[in-house]
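So you know, we letter chains A, B, ... as the sequences are listed, proteins then strands, and number each from 1.
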2 protein chains.
Amino acid sequence: MKNTKTPEATDSLDDFQRECVDLFMNAASSLSLPRSVGEIYGLLFSTEEPLSLDDVMARLKSSRGLTHERLRWLRIIGAVRKVSVPGRRKEHFTAETSLRRIAEGYIRDRIEPHLANGQNRLINLEGMVGAVPERESFQRGRINQVMNWHKFLTRALPAIKAIPGKF
Amino acid sequence: MKNTKTPEATDSLDDFQRECVDLFMNAASSLSLPRSVGEIYGLLFSTEEPLSLDDVMARLKSSRGLTHERLRWLRIIGAVRKVSVPGRRKEHFTAETSLRRIAEGYIRDRIEPHLANGQNRLINLEGMVGAVPERESFQRGRINQVMNWHKFLTRALPAIKAIPGKF
DNA sequence: TCTAACGTTCGATTCTTCTTGAACACATTT
DNA sequence: AAATGTGTTCAAGAAGAATCGAACGTTAGA
């Protein structure tokens, strides 16, 4: 008879893990992220030992493709780290618990690119001002407004790194 | 022959408006909000005079129900203000241009409720610690971590109101 | 080199969310 | 009160996003 089970660690979740999975699933959807992102993060957050892709897949009963996709996203953002487990060939993953680092990654990958793009669009907008002369001053005012936002955000975002304290 | 057009103001957008609509539509979807939210905000942002629900509907060629729904959402968040236009019966709307106020509204309505809820869940989580004795210290560490996040966020969010400057 | 284990990609399917349009409710004017 | 203008709600259809699973690549060890 062949052994079809993983060597250690059960496939089912304990209460603590179930509750964490649920907690982060909710958090994810209230940030408008896919539920499965929160689900996976919650599992890793509540599990002491690093898990492989197959471990995660088995415990959350989701597909290989999806699990892979979400783990990759979490890794890019910096919410999950790849760790090598001695004696095992598979890649293993563990949760990053520094909110600061996660926020930095999220900002870097999801917000800053849009800010940079917005810069170009602003320049573009300026070329359209004054097609109707009586609206020119209103339109210039609006562009100014957006430039202020832009300036504020490009200053405020890096400031997060400078906030003291552990979080 | 009956007059089926609105008394003043054309139904079509000028270049400046079109560009703003597009700009905010993109911004909305990169914040994972419905595109139509950005579309409506962009129109109001780029239009000097307040617009009625029917004005918005006509110019964006979208349905009554949707336009109503989105305008209400924008109003609740505080990104759009209701203004009364003398001599007109309909309600009219105009864009709030203070990023600070918009952010405050968004935080108040979409983030703080989840934080409050998270508080309860944390208490709940604490009851589950130690079902397996050897995991107890790990689990306590995690709960501590989340409590730190919570503490940080409940301090950081109100701090936004205190940031000096116009934005 | 061959084989087996593992990681990655992608078309098809399922599920959510957005959007529409028409019905309803409420207020204002005649 | 009737008629008209206006605001709100909701069931059903359309569009889009999340998910699955099988096929394909890649790497490690025999």
Side-chain angles (χ1 to χ4, degrees), chain A residues 2-7 21 24-43 50-77 80-93 110, chain B residues 2-8 21 24-43 50-76 80-93 110:
Chain A
K2 211 169 62 170
N3 179 12
T4 57
K5 287 285 161 195
T6 56
V21 166
F24 285 102
M25 255 176 54
N26 272 43
S29 62
S30 73
L31 293 170
S32 306
L33 298 173
R35 306 166 64 81
S36 51
V37 163
E39 204 180 16
I40 293 174
Y41 183 82
L43 173 62
L51 300 178
S52 69
L53 189 151
D54 286 296
D55 291 336
V56 174
M57 222 180 104
R59 288 169 208 204
L60 298 177
K61 294 170 187 27
S62 69
S63 71
R64 174 169 293 278
L66 180 63
T67 306
H68 176 266
E69 186 65 24
R70 296 312 190 214
L71 271 174
R72 182 170 63 165
W73 189 86
L74 284 164
R75 228 181 333 144
I76 290 173
I77 291 302
V80 154
R81 274 191 316 234
K82 210 191 273 195
V83 296
S84 54
V85 174
R88 289 191 180 254
R89 194 174 138 194
K90 294 183 186 182
E91 293 170 342
H92 285 65
F93 303 94
R110 305 253 308 177
Chain B
K2 211 169 61 171
N3 179 11
T4 57
K5 286 288 162 194
T6 57
E8 54 170 75
V21 166
F24 285 101
M25 257 176 53
N26 271 44
S29 61
S30 73
L31 293 169
S32 307
L33 299 173
R35 305 166 64 80
S36 51
V37 164
E39 204 180 16
I40 292 174
Y41 183 83
L43 173 62
L51 301 178
S52 70
L53 188 152
D54 287 294
D55 291 336
V56 173
M57 220 181 106
R59 287 168 208 206
L60 298 178
K61 294 170 187 26
S62 70
S63 70
R64 174 169 293 278
L66 181 62
T67 307
H68 177 265
E69 187 65 25
R70 296 313 189 215
L71 271 174
R72 183 170 63 165
W73 189 85
L74 284 163
R75 232 182 330 147
I76 290 172
V80 154
R81 274 191 316 234
K82 208 191 271 195
V83 295
S84 54
V85 174
R88 290 192 181 253
R89 198 173 134 195
K90 295 184 186 183
E91 292 170 344
H92 286 66
F93 303 93
R110 306 252 309 177

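- Once you apply a 4.0 Å limit to the heavy atoms of chain A, the touched nucleotides of DNA chain D run 5' to 3' over D/dA18 to D/dA28.
- Annotation: side-chain hydrogen bond (donor to acceptor under 3.5 Å, both in side chains) contacts involving residues 25-34 of chain A, sequence neighbours excluded, are absent.
- Looking at residues 66-74 of chain A, you'll see A/Leu66, A/Arg70 sit with a heavy atom under 4.0 Å from some atom of DNA chain D.
- Within the model, atoms CG of A/Leu74 and NZ of A/Lys82 stand 13.5 Å from one another, a figure rounded to the nearest 0.5 Å.
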| B/Thr67 and B/Leu60: side chain to side chain contact (heavy atoms under 4.5 Å, CB included), yes or no, with the steps? | CA-CA 9 Å; B/Thr67 307; B/Leu60 298 178; over 6 Å; no

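- Not counting sequence neighbours, the partners of B/Phe24 by the ring pair (Phe, Tyr, Trp, His ring centres under 6.0 Å) test are B/Tyr41, B/Phe45.
- For B/Arg75, there are no side chain to side chain donor-acceptor pair (under 3.5 Å) partners at least two apart in sequence or on another chain.
- Residues satisfying the side chain to side chain donor-acceptor pair (under 3.5 Å) test with A/Arg35, not counting sequence neighbours, are none.
- Contact check of residues 32-41 of chain A against DNA chain D (heavy atom, cut-off under 4.0 Å) returns A/Pro34, A/Ser36.
- Just one residue in the list A/Lys90, A/His92, A/Arg59 forms a side-chain contact (heavy atoms from CB on, under 4.5 Å) with A/Leu51, and that residue is A/Arg59.
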Please enumerate all protein N or O atoms sitting under 3.5 Å from an N or O of nucleotides 1-6 of chain C, with distances to 0.1 Å.
residue	atom	partner	partner atom	Å
C/dA5	N3	A/Arg89	NH2	3.4

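- Applying the side chain to side chain contact (heavy atoms under 4.5 Å, CB included) rule to A/Ile76 yields the partners A/Arg72, A/Asp109; only residues at least two apart in sequence or on another chain are considered.
- Remark: A/Arg110 pairs with no residue by the salt bridge (charged side-chain N to carboxylate O under 4.0 Å, His left out) rule, at least two apart or across chains.
- With sequence neighbours left out, the side chain to side chain donor-acceptor pair (under 3.5 Å) criterion links B/Arg89 to no other residue.
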Polar pairs (N or O, both sides) under 3.5 Å between protein and nucleotides 24-26 of chain C?
none

